[in-house]
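Following: one structure in C-alpha cells, then a few remarks.
Whatever order the structure lists them in is the order used to number ligands and atoms, beginning at 1. Heads up: numbering here begins at 1 and tracks the sequence.
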Amino acid sequence: MKRSWLIMGAVFLISALILAACGGGGSAAESEGTESYEQPPAEYASMTNPVKGDASAISAGSETYATNCASCHGQTGLGDGPAGASLDPHPGNLQEAGSEASDAYLYWRISEGGAMAPFNSSMPAWKGVLSEDQIWQVVAYIQTLSN
Ligand code: HEC
C-alpha cells in the first residue's frame, strides 16, 4: 500500500515536471498575444471585427450563438454542449478563443469550419449559412464570453 503511494507520487512529480517544461515553451508565444492559434490564410489575415464591443451586435450574436453553436460549444462557450460531448476533436473552449485569438482567426474558423488540416474536425462551415454581418456579430459575442 505504502509503496503504491510512493509510485503514484513519483508519477505525479514527473508529470508535473513535464508540464512545467512544456508550459515554459508556450509562454513565449503567449506574451506575443498569439497563443497557439493557427495563422489565418491571406484572404482572412487582415480582417478586423467592425462591430467589436457594439451592444446591439453582441445581442444579435448571442441569439445566433444560442441557435447554432451552443449545442456543441455549450451555453457559456466551455465546449460542454450535449452535441459536442462525443466529438473528437472536442469543441474548442470559446471563452479562451474569444479572449486570446485574433478577430481574423475567429472569423476564419467560423466561416470555413474544421474540414481541413490541421483541424480535421466536425466544426461546421458557416460561410453561406450565416451572412458576413451575422458572423461578425457572433464573433463580437464570443469576445465577451470570458468577461
Ligand atoms: C457540430 C458541433 C459544432 C457546432 C454546431 C459548432 N461548432 Fe465550433 N467547433 C466544433 C469543434 C469540434 C471544434 C474544435 C475543432 C476545431 O477547431 O475545428 C470547433 C471549433 C470552433 C472554433 C475554434 C476554436 C479554437 O479554439 O480554435 C470557433 C471559433 C468555433 N468553433 C465557433 C463556432 C460558432 C460561432 C458556432 C456557431 C455559429 C459553432 N462553432 C458551431 C464543433 C461545433
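Nearest protein heavy-atom contact of atom 26 (O) of ligand 1 is Tyr37 CE2, 3.6 Å. Atom 27 (O) of ligand 1 has Tyr105 OH, 2.5 Å as its closest protein atom, hydrogens excluded (heavy atom only). At the shortest separation from atom 5 (C) of ligand 1 among protein heavy atoms lies Asn68 O, 3.3 Å.
Each of the atoms 17 (O), 18 (O) of ligand 1 lies under 4.0 Å from some heavy atom of Phe119. Near Leu106, meaning under 4.0 Å from one of its heavy atoms, ligand 1 places the atoms 29 (C). Taking a cut-off of under 4.0 Å to the non-hydrogen atoms of Leu87, the atoms of ligand 1 that pass are 2 (C). Annotation for ligand 1: atoms under 4.0 Å from non-hydrogen atoms of Ala97 are 26 (O).
The main-chain N or O of Thr48 is never found under 3.5 Å from a side-chain atom of Asp103 such that the two would form a donor-acceptor pair. His73 places a side-chain N or O within 3.5 Å of a backbone atom of Gly92 that can act as its donor or acceptor partner.
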Worked verdict on Ile110 versus Ile142 for side-chain contact (heavy atoms from CB on, under 4.5 Å): CA-CA 11 Å; Ile110 296 166; Ile142 290 171; 4.0 Å; yes

Steps toward side-chain contact (heavy atoms from CB on, under 4.5 Å) verdict (Trp126, Glu112): CA-CA 7 Å; Trp126 295 94; Glu112 304 283 351; over 6 Å; no

Before you tell me yes or no, could you show the steps for Leu145 and Thr76 under side-chain contact (heavy atoms from CB on, under 4.5 Å), namely the whole-Å CA-CA distance, both residues' side-chain angles and the distance that decides it to 0.1 Å? CA-CA 7 Å; Leu145 284 178; Thr76 62; 5.7 Å; no

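For atom 8 (Fe) of ligand 1, protein N/O/S neighbours under 2.8 Å (waters excluded) are His73 NE2, Met123 SD.
Backbone and side-chain nitrogen or oxygen atoms of Trp126 are examined, and none is located within less than 3.5 angstrom of a nitrogen or oxygen of ligand 1. For the pair Asn93 and ligand 1, the shortest N or O to N or O distance does not fall below 3.5 Å.
Atoms CD and NZ, from Gln143 and Lys52 in turn, are 4.5 Å apart once rounded to the nearest 0.5 Å.
Using a 4.0 Å cut-off between heavy atoms, Tyr65 makes no contact with ligand 1 at all. Under 4.0 angstrom from ligand 1, the non-hydrogen atoms of Ile142 all belong to its side chain.
Cluster membership check: Leu130 shares its hydrophobic cluster with Trp108, using side-chain heavy-atom separations under 4.5 Å among Ile, Leu, Val, Met, Phe, Trp and Tyr. Hydrophobic clustering (side-chain heavy atoms under 4.5 Å, transitive across Ile, Leu, Val, Met, Phe, Trp, Tyr) keeps Leu87 apart from Leu78.
Heavy-atom minimum distance, Gln134 versus Val129: OE1-O, 4.4 Å. Smallest separation of non-hydrogen atoms from Arg109 and Met123: O-CE, 3.7 Å.
No side-chain heavy atom of Tyr37 sits under 4.5 Å from any side-chain heavy atom of Ser102.
Sorted by first and then second residue, the side-chain hydrogen bond (donor to acceptor under 3.5 Å, both in side chains) pairs involving residues 55-71 (not counting sequence neighbours) are Asp54-Ser56.
A heavy-atom separation below 4.0 Å is found between Pro89 and ligand 1. The shell of residues lying under 4.0 angstrom from ligand 1, judged by heavy atoms, includes His90.
Using cut-offs of 30° and 60° on the angle between ring planes, the pair Tyr105 and Phe119 is perpendicular.
Of the candidates Ala70, Ala115, Ser121, the one placing a heavy atom closest to atom 15 (C) of ligand 1 is Ser121.
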